[in-house]
Number of protein chains: 2
Amino acid sequence: MRMGRPDAASGASTTIGSALYELATRAVRRLPRDMSLTSAATLATLDRTGPRRITELAVIEGVTQPAMSVLVRVMEESGLVERRSDTSDKRVTLVCLTEAGASYVRERRQAGVQAYAGLIDRLPGDEIEALTAALPALLHLAALESQDREGPKP
Amino acid sequence: MRMGRPDAASGASTTIGSALYELATRAVRRLPRDMSLTSAATLATLDRTGPRRITELAVIEGVTQPAMSVLVRVMEESGLVERRSDTSDKRVTLVCLTEAGASYVRERRQAGVQAYAGLIDRLPGDEIEALTAALPALLHLAALESQDREGPKP
DNA sequence: GGAGATGCATAAAGACTTAATATAAATGCT
DNA sequence: AGCATTTATATTAAGTCTTTATGCATCTCC
């Protein structure tokens with residue numbers, strides 16, 4: 001199947017990619033602004049993957065180490081994360097989500113999902129059905145996206 | 001059809017919304033950082049809708065008027081936009097995309113689309129087919145998203 | 001005509017980021 | 001074992017981006 005993939009399919013990925021790009025870039029403008037996107041993304045990463053080093057988080061989120069160091073300090077002061085030392089390496093700080101942090105991630109995700117759901121509810125039934133059928137593909141894309149940046153779950 | 005929509009469909013919009021939320025929030029971490037997201041979004045808005053007032057752009061992009069005023073000045077200095085007065089109202093500055101600005105939007109969009117396409121190319125054929133079938137729905141969602149913020153094209 | 005509203009520029013302050021730097025700990029080579 | 005090199009992280013300074021506050025010009029409406 002993969003061998004005989006025609007060029008038309010490669011055109012399809014560009015067209016689909018275009019639709020997803022438009023959707024994503026516009027959706028990001030609606031995200032809450034109570035904290036920076038990097039902060040929110042970091043919390044979501046911790047929620048997904050569990051505790052991480054500061055340097056790992058910096059790489060995953062695409063910022064410098066000092067930025068992540070400061071970000072973690074601010075979020076620690078806000079009670080959203082806590083620091084733990086790593087017994088196997090005294091240099092290392094492991095960043096862990098607190099219950100308040102996990103709660104924040106859930107609420108933020110819920111609000112974001114609801115916003116999408118509101119739009120989807122305005123679609124005709126056949127379009128909703130098509131999206132439902134495409135759900136595994138969308139989830140697969142999201143998973144590929146994460147794995148590329150986060151690597152396997154530790 | 002709409003009359004008899006069962007509750008299961010409303011659960012579907014939440015599930016689909018969840019997948020789209022995960023995808024969008026992770027994709028945003030990969031966007032180029034040569035300018036702020038607000039700047040890039042503003043250029044894209046101008047590309048889509050044509051010239052706009054500074055106050056309109058501020059509302060559309062969810063920032064304050066002074067932020068947009070400064071942003072426009074910086075982008076004007078970079079040659080990405082130009083200002084035009086409005087003959088019918090001397091207070092008004094219309095912000096217009098330059099050719100360089102339009103070019104930048106295209107290149108940035110192209111890069112974003114390519115990144116998605118790269119992921120999509122790693123999906124099995126049946127998932128790609130499902131996404132292709134869902135394309136009208138995705139485009140419809142993107143359109144709804146824009147209209148909610150931008151109103152009709154002027 | 002004048003009060004009130006609107007559009008936008010400017011300044012100050014705060015948040016978020018990068019680059020530079022310093023210290024401690026770990027690793028690897030001889 | 002000793003030491004050079006690398007790695008992890010905190011801190012500082014500077015630049016960018018945003019909000020709040022303010023001021024001036026223009027428009028609208030009574």
Side-chain angles (χ1 to χ4, degrees), chain A residues 25 28-46 51-96 104 108 151 154, chain B residues 25 28-46 51-96 104 108 151 154:
Chain A
T25 50
V28 77
R29 305 306 299 161
R30 273 193 297 99
L31 293 173
R33 301 190 180 195
D34 52 341
M35 66 168 63
S36 71
L37 288 179
T38 307
S39 300
T42 302
L43 293 176
T45 296
L46 290 170
R52 290 282 193 165
R53 298 174 175 207
I54 284 174
T55 44
E56 285 180 315
L57 289 172
V59 170
I60 291 170
E61 305 303 341
V63 296
T64 59
Q65 173 267 313
M68 185 55 71
S69 186
V70 170
L71 184 153
V72 166
R73 190 182 69 207
V74 172
M75 289 195 296
E76 185 186 24
E77 285 163 8
S78 304
L80 299 174
V81 304
E82 64 190 7
R83 294 163 182 262
R84 290 192 197 140
S85 54
D86 184 333
T87 49
S88 61
D89 189 334
K90 289 189 205 240
R91 302 170 301 182
V92 170
T93 294
L94 284 176
V95 186
C96 316
Y104 174 81
R108 189 175 166 105
Chain B
T25 50
V28 77
R29 304 310 294 162
R30 272 194 298 99
L31 293 173
R33 302 190 181 194
D34 51 342
M35 67 169 62
S36 72
L37 288 180
T38 307
S39 299
T42 302
L43 293 176
T45 296
L46 290 170
R52 289 282 193 166
R53 298 175 174 207
I54 285 174
T55 43
E56 285 180 312
L57 289 172
V59 170
I60 290 169
E61 304 304 339
V63 298
T64 59
Q65 175 266 314
M68 185 53 72
S69 186
V70 170
L71 183 155
V72 166
R73 190 183 69 208
V74 172
M75 288 194 298
E76 185 187 24
E77 286 162 6
S78 304
L80 299 175
V81 305
E82 64 189 7
R83 293 162 182 264
R84 290 193 197 138
S85 53
D86 184 332
T87 48
S88 60
D89 188 336
K90 290 193 196 208
R91 300 170 301 183
V92 170
T93 294
L94 284 177
V95 185
C96 316
Y104 174 81
R108 189 175 166 106

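Only this structure's heavy atoms are used, side chains among them; waters, hydrogens and symmetry mates stay out. Throughout, protein chains are lettered first and strands after them, A, B, ... in sequence-line order, and every chain is numbered starting at 1.
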Legend entry - Options D/dT11, C/dA9, D/dC17, nucleotide nearest the side-chain atoms of B/Ile54: C/dA9

Inset, instruction - Take atom CZ of A/Arg52 and atom C1' of D/dT9, then tell me their distance rounded to the nearest Å. - result: 17 Å

Legend entry - Candidates D/dA10, C/dT17, C/dC8 - which lies nearest the side chain of A/Ala67: C/dT17

Legend entry - Proximal nucleotide (of D/dT9, C/dA20, D/dT20) relative to the A/Pro66 side chain: C/dA20

Inset, instruction - Keeping the roles fixed (side chain from A/Arg33, backbone from B/Gly62), state whether a donor-acceptor pair exists under 3.5 Å. - result: yes

Inset, instruction - Establish whether the base of C/dT6 is bridged to the side chain of B/Arg91 by a donor-acceptor pair shorter than 3.5 Å. - result: yes

Legend entry - B/Glu77 CD to D/dG15 P, straight-line distance once rounded to whole Å: 16 Å

Inset, instruction - Could you please name the option among C/dT17, D/dA8, C/dT10 that lies closest to any side-chain atom of A/Ser36? - result: C/dT17

Legend entry - Separation of C/dG14 C1' from A/Arg33 CZ (nearest whole Å): 16 Å

Inset, instruction - Mark yes or no for a side-chain to base donor-acceptor pair under 3.5 Å between B/Gln65 and C/dA9, with no hydrogen or angle criteria applied. - result: yes

Inset, instruction - Look at all strands and tell whether A/Thr38 reaches a base, only sugar-phosphate, or nothing, counting heavy atoms closer than 4.0 Å. - result: sugar-phosphate

Legend entry - Per A/Arg53 side chain, nearest of listed nucleotides C/dA19, D/dT9, C/dC8: D/dT9

Legend entry - Protein-nucleotide distance (A/Leu37, atom CG; C/dC16, atom C1'), rounded to Å: 11 Å

Legend entry - Whole angstrom value for the distance that separates P of C/dA15 from CE of A/Met75: 15 Å

Inset, instruction - Figure out the CG/C1' separation between A/Asp89 and D/dT7, and round it to whole Å. - result: 8 Å

Legend entry - Separation of B/Asp89 CG from B/Arg53 CZ (nearest 0.5 Å): 5.5 Å

Legend entry - Nearest-Å distance for atom pair CG/P, residues A/Leu57 and C/dC16: 16 Å

Inset, instruction - Pick base, sugar-phosphate or nothing for B/Ser69, based on heavy-atom distances below 4.0 Å to the nucleic acid. - result: base

Inset, instruction - Flag yes if more than 12 heavy atoms outside A/Arg83 fall under 6.0 Å of its CZ atom; otherwise flag no. - result: yes

Legend entry - Atom pair distance, as rounded to whole Å: CZ in A/Arg73 and P in D/dA10: 9 Å

Inset, instruction - Determine, stepwise, if the pair A/Val28 / A/Leu37 fulfils side chain to side chain contact (heavy atoms under 4.5 Å, CB included). - result: CA-CA 9 Å; A/Val28 77; A/Leu37 288 179; 4.0 Å; yes

Legend entry - Distance, nearest 0.5 Å, that separates OG1 of B/Thr45 from CZ of B/Arg52: 8.0 Å

Inset, instruction - When you get a sec, tell me which of C/dT18, D/dT11, D/dT18 is the closest nucleotide to the side chain of B/Val63? - result: D/dT18

Inset, instruction - State which of D/dT9, C/dT10, C/dA19 makes the closest approach to the side chain of A/Thr93. - result: D/dT9

